[in-house]
Amino acid sequence: MAGLWSSIEKKCFSLLQQKQSCISLLQIHAFILRNTLYANPNILTKFIAACSSTSFTTRFDHIPGIRYARHVFDHIADKGDSFLCNTMIKSHNDHHQFDEALLLCRYLRRGTHFMPDVYTYLFLSKSCSSNSYDWEGRQLHSVVIKTRVLFDVMPLRNVVSWTTLISGFCNDNDIHSARKLFDAMPEKNLVSWNAMICGYSQSKQPNEALKLFHELQYNTVLEADEITIISILQAIAALGALDLGCWVHKYVKRKGSDKKIKVCTSLIDMYAKCGEITKALHIFEGIPEKVTSCWNAIINGLAINGYGEEALTVFHDMISEGCRPNAVTMIGVLSACSHSGLVEEGKRWLNAMEHFGLIPQMEHYGCVVDLLGKVGCLDEAEKLIESMPYEANDIIISSFLSACVNWKDLSRAERLIKRATEMDLLNAGNYVLLRNLYAMERRWDEVKKIKWLIRTSGAKKEAGSSSIETNGVVGEFISGGTVHPQWGDMQPVLEQLPIHMKGMEEQCIKLQ
DNA sequence: ATAGGGTTAG
């Protein structure tokens, strides 16, 4: 193909292949216009990719490169070239403009001759996984399925395309399909392993994540990196497997990764979720340059361990050190207030969010509804639900409903249930709460009615479960007496419990 | 001459 290019086209292409400053990119743009190189889609593609990875700062103006790239793209008459369109879609992804990527693709399909190919779908899998809201229902699901279809007939599949598809399936919560692909891959690298391990961690299968991590270490020559560690710490935190967590901490120290702030943030989170707030604080204090995320981790860590006041103190430190809070910080702050019943502080910080340039999201209102419900201000909680600029979701409904149950406010609960039913927001947990409430009031007819509703609606409540770690093995207990199959009988585990606790005690003494 | 993996919440 390149052999047919004119010498001017070749010159332009080789200029674009070097990393260009913004001024020279503007010059190249002028060059393209002057020499009517617009007809060559490969040059345009290269130009757009180059713009997208630069930013245009002149004496008068500052234009992000992606905006310039999109501007140029929008003025291209013939958008039939999929390589060109894919590059524009990917550029939006690279700038975290996932909604833009999706909207562009939709526009191109409706208004041009653009035919999406397997690359388009691989990019879109990423856009759909990361965009802020799923504005077409199960969009990710259909994109991943379509990607799979095109992937199966793709002539040149390599480790990158396999891995993209695996993480697409993970994000779509189809871990089973992801694993089947993973096992079928002709060649795996660390990124593929990380994608799969992370998939397990995030879809609440922490034991599988740990198993795979173990396999990575013993069956391959690959060495875990920071991303592996972060994923594995997530799994450990979910299990509360402190022994394993300590082991990972030592491993990280040995590798020198404990200097990496993201690893530290994950360690703080893991220790806090395992109830070891002292260790979490120790790591936090050792971080020389604290960024927002590590403040967030410790604030939330203190909050979930019941140290609400301390969490607020740390939040004040954060502000006085000039670190800007973000939306996640505020969830930590508000949940700290909720965990410790700090009503006035909670309301104040919700209202003060705009001083930090933050718009309260549903989750922030959720924390305050939770807080008001916990302390029995049901009226105020209900008013907040009604006045907030979002429709309540099922999580807020559950939280408020359980507050009604706690404070035995049956009529309020019924009113809420009615509304939630109309909005199709009743999950099985909500039915169970209501059933318990009726049972408490000895209204057996209603109890029967709810039981019938639960049966017929097909709603399933996941059984509550807890896990325990002995000798580095994690077992799971499911409420109602069934035991995780790997344990067979619960008895031997219970017998080990005192030994396990003794071991922990000794460990604590050693560390002090 | 297009491609992949990560933290913080309820």
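First the proteins, then the strands, lettered A, B, ... as listed; each starts at 1.
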If you look at every strand shown and take non-hydrogen atoms under 4.0 Å, does [X] touch a base, only sugar-phosphate, or nothing?
X      : result
A:V263 : nothing
A:K188 : nothing
A:D269 : sugar-phosphate
A:S167 : sugar-phosphate
A:K126 : sugar-phosphate
A:D225 : base
A:T164 : sugar-phosphate
A:M270 : nothing

Starting at [atom1] of [X] and ending at [atom2] of [N], how long is that distance when rounded to a whole Å?
X      : N      : atom1 : atom2 : value
A:L44  : B:dT2  : CG    : P     : 17 Å
A:L350 : B:dG10 : CG    : P     : 15 Å
A:N158 : B:dT2  : CG    : C1'   : 11 Å
A:K204 : B:dG10 : NZ    : C1'   : 11 Å
A:M196 : B:dG4  : CE    : P     : 19 Å
A:D117 : B:dT2  : CG    : P     : 13 Å
A:Y121 : B:dG4  : OH    : P     : 18 Å
A:M88  : B:dA1  : CE    : P     : 22 Å

Original post:
Is atom NZ of A:K260 surrounded by more than 12 heavy atoms (other residues, nucleotides or ligands) closer than 6.0 Å?
Top reply: no
Between [options], which nucleotide has the shortest distance from any of its atoms to the side chain of [X]?
X      : options              : value
A:I227 : B:dT2, B:dG6, B:dA1  : B:dG6
A:K262 : B:dA1, B:dG6, B:dG4  : B:dG6
A:F83  : B:dG10, B:dA1, B:dT8 : B:dA1
A:N393 : B:dA1, B:dT8, B:dG10 : B:dG10
A:T163 : B:dT8, B:dA1, B:dG4  : B:dG4
A:N296 : B:dG4, B:dG6, B:dT8  : B:dT8
A:I395 : B:dG10, B:dT8, B:dG4 : B:dG10
A:S192 : B:dG6, B:dG4, B:dA1  : B:dG4
A:Y119 : B:dT2, B:dG4, B:dG10 : B:dT2

Original post:
Does A:S335 make a side-chain N or O approach to OP1 or OP2 of B:dG10 shorter than 4.0 Å?
Top reply: yes
Original post:
Taking OP1 and OP2 of B:dT8, is either one under 4.0 Å from a side-chain nitrogen or oxygen of A:Q234?
Top reply: yes
Subject >> Cation-pi, A:F151 ring and A:R157 (6.0 angstrom, 45 degrees) >> reply: yes
Original post:
Does the pair A:R348/A:E345 count as a salt bridge with the N-to-O cut at 4.0 Å?
Top reply: no
What about [X] and [Y], are their ring centers closer than 6.0 Å?
X      : Y      : result
A:H96  : A:F98  : yes
A:W295 : A:F315 : no
A:H282 : A:Y271 : no
A:F182 : A:W162 : no

Original post:
Can a donor-acceptor pair under 3.5 Å be found between the side-chain atoms of A:E226 and the base atoms of B:dG6?
Top reply: no
